[in-house]
Visitor: 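This structure is in structure tokens; I'll ask about it shortly.
What you see is a predicted model; the values in this text were computed from it and never measured.
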Amino acid sequence: MTNGDFLIKQLKKAVFLPYAKLRAKLGGEGTGFSRSSYGVLMKTNWRDRTFIYCRFAVYGHGLSDYLKSLKQPFVFLDIGANQGLYSLIAGQNPHCTRAIALEPVPDTFKRLSQNINANNLQGKVQAVQAALSSQAGTAKIVFDAAHSGLASLRDDGAEGLDISTINMEAFDDLLGDPEMLVIKVDVEGHEAAVMAELVKSRFLSRIQSVFYEVDAKWSDADSLRAILESGGFTHFVTVGRGKHYDVLATRTPQAVA
């Protein structure tokens, strides 16, 4: 049994080895790329739990299947892109005319850029080293190299990295004159600030859907929904269950796998 076979068997059982043992079995950061179970190439980094989740499709297929199913021209905005999994998936859909991936953490942004190039999507996916927030400038972000997906702008007093931020006005300038917009938001507790910016967009009426994360530890699901409702979103489909799940918000009814 290969290392990859061993890990996927463990994941299917929802039983993880202690992380130190897992890293020891699989090794560290490789020099090449691995094909994720989602079908895209990603820079190998067994030290990062987020990479492992991408590699073995632990995030499920709600958003990935939704992005693959879109049949009309759209622009994908990936807010909190990390290593770019969903930007890459969107970019492979021939109906995606453009994707913009925001990732503020320097090391993660480097991997995002490498992944875009590895999938030959540099002409379609634009990587931006910044976070969307209420003000343009700089902010502190808390970052965990062993789980890059936990990077957060939440002000919890921890020491963080200095990163760049842009507001919706600057983001709109990046968009130009987009077709239908599809947005993913995964910002670990900064969702309310991001949603408040989204509804300020001069292209608000073109936003067809917003796929976002809710975690009871730091999110107020009702408040996030109210912000989007103020922007004209009327249908909300929960993907997952428990205290940590995703929501697809749309202007018209949509099904999610």
Visitor: So do the side chains of Leu228 and Phe236 get within less than 4.5 Å of each other, counting heavy atoms only?
Guide: yes
Visitor: Is the CD atom of Gln122 crowded by more than 12 outside heavy atoms at less than 6.0 Å?
Guide: yes
Visitor: Other residues, nucleotides and ligands only: do more than 12 of their heavy atoms fall within 6.0 Å of NZ on Lys110?
Guide: no
Visitor: For Ser201 and Asp172, which I'm curious about, is there any donor-acceptor pair between the side chains at under 3.5 Å?
Guide: yes
Visitor: What I'd like to find out is whether the side chain of Val182 reaches to under 4.5 Å of the side chain of Leu70, using heavy atoms alone.
Guide: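 Yes, their side chains come closer than 4.5 Å.
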Visitor: Are the charged groups of Asp162 and Lys140 less than 4.0 angstrom apart, N to O?
Guide: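 The answer is yes: the pair qualifies as a salt bridge.
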Visitor: Side chain to side chain contact (heavy atoms under 4.5 Å, CB included) with Ile100: which of Leu175, Asp78, Ile183?
Guide: Leu175
Visitor: Under 3.5 Å, is there a donor-acceptor pair between the side chain of Asn115 and the main chain of Ala118?
Guide: no
Visitor: Please lay out, stage by stage, how Val128 and Leu174 fare under the test side chain to side chain contact (heavy atoms under 4.5 Å, CB included).
Guide: CA-CA 10 Å; Val128 178; Leu174 284 173; 4.1 Å; yes
Visitor: Counting N and O atoms only, with roles assigned by atom type, does the side chain of Asn119 sit under 3.5 Å from a partner on the main chain of Leu88, one being a donor and the other an acceptor?
Guide: no
Visitor: Should Gln129 and Pro106 count as side-chain neighbours, where that means a heavy-atom distance under 4.5 Å?
Guide: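 Sidechains of Pro106 and Gln129: in contact.
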Visitor: Ignoring hydrogens and geometry beyond distance, is a side-chain donor-acceptor pair present between Ser87 and Gln126 at under 3.5 Å?
Guide: no
Visitor: Would you say Ser219 and Tyr212 are linked by a side-chain donor-acceptor pair, where the criterion is simply a distance under 3.5 Å?
Guide: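 The answer is no; no qualifying pair exists.
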Visitor: Within the structure provided, determine whether Tyr86 and Asp186 are in side-chain contact (heavy-atom separation under 4.5 Å).
Guide: no
Visitor: I would like to know whether Glu197 and Ser134 meet side chain to side chain contact (heavy atoms under 4.5 Å, CB included); could you show each step before the answer?
Guide: CA-CA 6 Å; Glu197 288 301 299; Ser134 56; 4.1 Å; yes
Visitor: Between Arg206 (side chain only) and Pro178 (backbone N and O only), is there a donor and an acceptor less than 3.5 Å apart?
Guide: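 Present.
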Visitor: Under 3.5 Å, side chain of Lys43 to main-chain N/O of Arg111, donor-acceptor pair present?
Guide: no
Visitor: Of Asp48, Asn45, Val40, Leu85, which is the lone residue that meets side chain to side chain contact (heavy atoms under 4.5 Å, CB included) with Cys54?
Guide: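 Among Asp48, Asn45, Val40, Leu85, the one that satisfies the side chain to side chain contact (heavy atoms under 4.5 Å, CB included) with Cys54 is Leu85.
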Visitor: Can you tell me if Gln72 uses its side chain to pair, donor with acceptor, with the backbone of Phe74 under 3.5 Å?
Guide: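 Here the side-chain-to-backbone pair does not exist.
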Visitor: Apply side chain to side chain contact (heavy atoms under 4.5 Å, CB included) to residues Ile207 and Phe233 and explain how you reach the verdict.
Guide: CA-CA 9 Å; Ile207 302 175; Phe233 294 87; 3.5 Å; yes
Visitor: So, the side chain of Ser37 versus the backbone of Arg55: is there a donor-acceptor pair under 3.5 Å, distance only?
Guide: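 Judged by distance alone, yes, a pair lies under 3.5 Å.
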Visitor: Is the His61 ring parallel, tilted or perpendicular to the Tyr38 ring (thresholds 30°, 60°)?
Guide: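 His61 and Tyr38: tilted rings.
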Visitor: Test side chain to side chain contact (heavy atoms under 4.5 Å, CB included) on Tyr66 and Val239; report intermediate values, then the result.
Guide: CA-CA 11 Å; Tyr66 176 71; Val239 183; over 6 Å; no
Visitor: Verify, without hydrogens or angle tests, whether Asn93 (side chain) and Leu67 (backbone) share a donor-acceptor contact under 3.5 angstrom.
Guide: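 Yes: the side chain of Asn93 pairs with the backbone of Leu67.
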Visitor: With a 4.5 Å cut-off on side-chain heavy atoms, are Leu102 and Ile166 touching?
Guide: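 Yes. Closest side-chain heavy atoms under 4.5 Å.
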Visitor: Quick one: CE on Met180 to CZ on Phe203, what's the gap to the nearest 0.5 Å?
Guide: 15.5 Å
Visitor: So, the side chain of Arg251 versus the backbone of Thr234: is there a donor-acceptor pair under 3.5 Å, distance only?
Guide: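 A pair under 3.5 Å: no.
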Visitor: So, do Glu213 and Val185 sit near enough that their side-chain heavy atoms are less than 4.5 Å apart?
Guide: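 Not in contact.
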Visitor: Is there a side-chain contact between Tyr53 and Thr50 in this structure, where contact means two heavy atoms from C-beta onward sitting under 4.5 Å apart?
Guide: no
Visitor: Within the side chain of Thr165, is there an N or O that forms a donor-acceptor pair under 3.5 Å with the backbone of Ala131?
Guide: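 Such a contact is absent between Thr165 side chain and Ala131 backbone.
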Visitor: Side chain of Thr44, backbone of Gly32: donor and acceptor closer than 3.5 Å?
Guide: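 Yes.
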Visitor: Check whether any side-chain heavy atom of Gln135 lies under 4.5 Å from a side-chain heavy atom of Asn167, and answer yes or no.
Guide: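 A side-chain contact is absent here, since even the closest heavy-atom pair is not under 4.5 Å.
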